[in-house]
Structures are given as C-alpha cells and as structure tokens.
2 protein chains.
Amino acid sequence: MSNAKALPLLEPTVEPCCPPLAERPLTAEEAERTAVMFKALGDPVRLRLFSSIASHEGGEACVCDISDVGVSQPTVSHHLKKLKEAGLLSSERRGTWVYYRVEPAVLAAMGQLLTRAAAV
Amino acid sequence: MSNAKALPLLEPTVEPCCPPLAERPLTAEEAERTAVMFKALGDPVRLRLFSSIASHEGGEACVCDISDVGVSQPTVSHHLKKLKEAGLLSSERRGTWVYYRVEPAVLAAMGQLLTRAAAV
DNA sequence: CCTTTAGTTCGATGTGTGTCAACATAGACA
DNA sequence: TGTCTATGTTGACACACATCGAACTAAAGG
C-alpha cells in the first residue's frame, strides 16, 4: 500500500449517512439507514458496552474489560456484533484479545443529525 | 428565593437525562433511560414521522400532514405514541386536529451525548 | 344525527434477546 | 509437534417484545 495519502483532512462536518432531521423529511432509504444506527444504541446492554468502550483509554477496549454488564459472554459478543454491523464499532484481534474501538466520525454525524435538528 | 436570577440562561449544555457516553461507563439505570430514546428513533417509520415534524413550520405538525409514510393511520398513531412516551414529542389538541411538536431540549441533550463522546 | 379526525383495543405475525453448546484462534510449555 | 488453557465467536433454540392492520371508540364540528 502506498503512503501517498498523508493529508490531515479533518472534516468538521462529517456526513456519511443522512441530512439533519429538521432539514427536510427523510426519505424511506435515508430513514432505513439512519434507523439502523439508532436501533443499535436502543438497547441498554449495547449502550453500556458502547459507553464502556468510548470512555476507555484511547476509545478502545478489549472484550474482557467490558464483560461485566450482567449478561453472559456470548450475549456480549452478539451485541458487539450488532454495534459493529451498524458501523459504530470496529474490531481488531491483537494476540489473545480482541479490541473494539469507537468510530468517532459516525458518532459525530449522528450527533449533528440531532443537534442541527434542535437548532432550527 | 429571590428573583435575582433573571438571566436569559441559555444553557448550551442541557442534560435532562444522562452523562455523555464517553465520560464514564453508563450505569444500568442511565442506560435504561437513554435506550428508550434511541430505541424510539430506531425505527424507519418513526424516524420519518419525527423528521417530518421537525422540518415542519415551527417544529410542529398535525397528524394529517405527516400520514404519508406508507402505513395505516392507526400505525402512525402507535408510533407517535411511542415517540411521545420517549419524551421526544408533545401533543396538543387544537380543535379538530392534534398537533405534535418536537422537544428541542431533549433532542439537544441526545446530540451532546454523542458529540461529546466523539470529541474525546 | 352524520362526517371527519385521531386514538384504542385486540389478535396474528415478525423480530430481538439471552443462554447453552460447539467451534475457532492464540499463547504457553513440555 | 502435540496438547492444554484462555479468550471470543457462531449456531440453535426458547422466550419475550414489537409491529401492523381491522374494527371499534372518542372528540370536534356542521
């Protein structure tokens, strides 16, 4: 892989998904796409897992650090998979442990989706 | 209590619910409360209804204006009820029609929940 | 009373959640 | 190399909950 892409490219208005909720009525497709992300955070267990990862050092944590949410380990794995499928997390195996980390861009986009809606 | 506090008090950091996701791991109760709101927006139909209301004039709309989302009227009523129960909407009967309006404070709080998480 | 608008009840169907068991991967050690 | 242990993931199943529409009820207005 080439190292030609060295631009800092810090977009302040990331928008990988959809327009702000208050800008115009969402189309069916946009709603479908956006709902996946909100639905992923619409479960208490997933919310706690996500919060644990986000508040960890460097925005990443291994599964062993966040498995104390009151459900079994397979259940934790299932929930992490859903968060990953929603594009909110990414995982990486590092030796024995698997580390999950948050996707700041997607998160910021969701935030703007709401705050901009409120600003109108 | 004196009325010395007559400031316009435009809090940029409304927080009727829970701390930012990245500040610390959410407790079970906080996660439960927050999940209700995210789950309410985790459905395509509800997201479209909500977006329609938020993008309407003055942030409010009557049911008759937003019933073209592809489901029957009773279903629309169900979804609006859920959004209302989640604290995202408030309703008011004005003559023949019932008007729904968004709750900007709650919306802003949800946004900060996410953006602050991303900012860490 | 009749029409329009919206909410409620109720039941069928679909989707999500959580657990146990089995499987995959990585490291340690003889 | 072979095996043992620790860590996660996947599959299958039962259970609970959410979704949706048909029919009914309630409220407002002519």
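Just so we're on the same page: letters track the sequence lines, and every chain starts at 1.
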#### Entry: Close side-chain approach of Leu80(A) to Val98(A), heavy-atom, < 4.5 Å
no
### Query
Contact class for Tyr99(B) (heavy atom, under 4.0 Å): base, sugar-phosphate, or nothing?
nothing
### Message
Is there a side-chain contact between Arg46(A) and Leu88(A) in this structure, where contact means two heavy atoms from C-beta onward sitting under 4.5 Å apart?
### Response
no
### Message
Please identify the 5'-most and 3'-most nucleotides of DNA chain C with any atom under 4.0 angstrom from a heavy atom of chain A.
### Response
dG16(C) to dG27(C)
Find every protein N or O atom lying less than 3.5 Å from an N or O atom of nucleotides 14-20 of chain D, and list the pairs.
residue, atom, partner, partner atom, Å
dT19(D), OP1, Arg46(B), NH1, 3.1
dT19(D), OP1, Arg46(B), NH2, 2.9
dT19(D), OP2, Arg46(B), NH1, 3.4
dT19(D), OP2, Lys82(B), NZ, 2.5
dC20(D), OP2, His79(B), NE2, 2.4

### Query
Taking atom C1' of dT10(D) as reference, at what distance in whole Å does atom CD of Glu85(A) sit?
12 Å
### Side-chain heavy atoms of Asp43(A) within contact of Lys82(A), under 4.5 Å
no
### Message
Rounded to the nearest 0.5 Å, what separates atom CG in Leu107(A) from atom CG in Leu113(B)?
### Response
9.0 Å
### Query
Looking at Glu60(A), Glu92(A), Glu57(A), which hits salt bridge (charged side-chain N to carboxylate O under 4.0 Å, His left out) with Arg101(A)?
Glu60(A)
### Query
Side chains of Val69(B) and His79(B): closer than 4.5 Å at any heavy-atom pair?
no
### Message
Side chains of Leu21(A) and Val102(B), heavy atoms from C-beta outward: is any pair under 4.5 Å?
### Response
no
### Query
Of all the nucleotides listed (dT10(D), dT7(D), dG21(D)), which has the minimum atom distance to the side chain of Pro74(A)?
dT10(D)
### Task
State, with a plain yes or no, whether a side-chain heavy atom of Leu89(B) is found less than 4.5 Å away from one of Leu49(B).
no
### Query
Any luck finding a side-chain donor-acceptor pair between Glu103(B) and Ser90(B) under 3.5 Å?
yes
### Task
Decide yes or no for Arg33(B) and Glu30(B): does some side-chain heavy atom of the first lie under 4.5 Å from some side-chain heavy atom of the second?
yes
Using a cutoff of under 3.5 Å, can you pull out all pairs of nitrogen or oxygen atoms linking the protein to nucleotides 24-30 of chain D, with atom names and distances?
none

